[in-house]
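Scroll down for the structure; my scribbles are underneath it.
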Amino acid sequence: MNLFGHLHTMFSVLNYKVREPYKKVNYKNYGIRVYDKNESDVIFVVIHGMGGSQNGSFVSSYINFFTKNGYDVLTFDSPGIGESIDNVGFWGGAQGDQGQIESVIEWIVLQNRWKKIFVCGNSAGGGYL
């Protein structure tokens with residue numbers, strides 16, 4: 001685990017701004033953001049850590065890196081956090097995945113346009129992998 005990334009998750013120590021526009025999607029009450037220029041057949045799912053959100057600085061740095069290199073990116077807030085606040089369950093990152101990654105991957109597959117899906121996370125978000 002990267003200590004610097006863990007600090008970003010917990011404290012949002014840097015005000016890192018995402019430069020790419022995104023579209024919002026609500027799927028099964030998950031607040032999903034898709035950074036998509038309709039040019040790539042590869043999408044990266046970036047998962048925030050416990051205590052963080054998809055607004056976290058390390059999430060934003062991944063978004064910027066992947067989009068600058070021509071890939072699409074998807075982020076989402078775990079249940080009970082941010083744009084996914086309406087979910088019944090509350091995400092306990094230390095307890096592991098509670099089905100949200102399957103729902104997010106399901107949405108990606110339903111779009112029928114990405115051929116490769118990569119999932120990455122930091123801190124507790126890496127527990128999905």
Are any non-hydrogen side-chain atoms of Val25 and Leu74 less than 4.5 angstrom apart? no
If we only count heavy atoms from C-beta on, is the Trp114 to Asp36 side-chain gap below 4.5 Å? yes
What is the minimum heavy-atom distance between Ile47 and Ile101, and which atoms define it? CD1-CD1, 3.8 Å
Student check: side-chain heavy atoms of Ile105 and Val119 closer than 4.5 Å: yes
Taking all heavy atoms of Gln54 and all of Asp77, pick out the closest pair and write down the distance. N-OD1, 2.8 Å
For the student: nearest non-hydrogen atoms of Lys37 and Asp72, plus distance: N-OD1, 3.4 Å
Quick check for you: to the nearest 0.5 Å, what is the distance between Thr75 atom OG1 and Ile32 atom CD1? 9.0 Å
Please say which of Ile43, Val46, Ile63 ends up in a side chain to side chain contact (heavy atoms under 4.5 Å, CB included) with Tyr35. Ile63
Tell me whether the count of non-hydrogen atoms from other residues, nucleotides or ligands lying under 6.0 Å of OH in Tyr27 goes above 12. yes
Would a 4.5 Å heavy-atom cut-off, applied to side chains only, mark Val34 and Trp107 as touching? yes
I need the minimum non-hydrogen distance between Lys116 and Phe118, along with the two atoms involved. CB-CE1, 4.0 Å
Measure up the Tyr71 and Phe44 rings against each other and bin them: parallel (under 30°), tilted (30 to 60°), perpendicular (over 60°). perpendicular
Ignoring hydrogens, what is the shortest heavy-atom contact between Arg113 and Ser40? Give both atom names and the distance. NH2-O, 2.9 Å
Aromatic ring pairing Phe66/Tyr62, orientation class (parallel under 30°, perpendicular over 60°, tilted between): parallel
Say you draw a straight line from CZ of Phe58 to NE2 of His48; how long is it, rounded to the nearest 0.5 Å? 8.5 Å
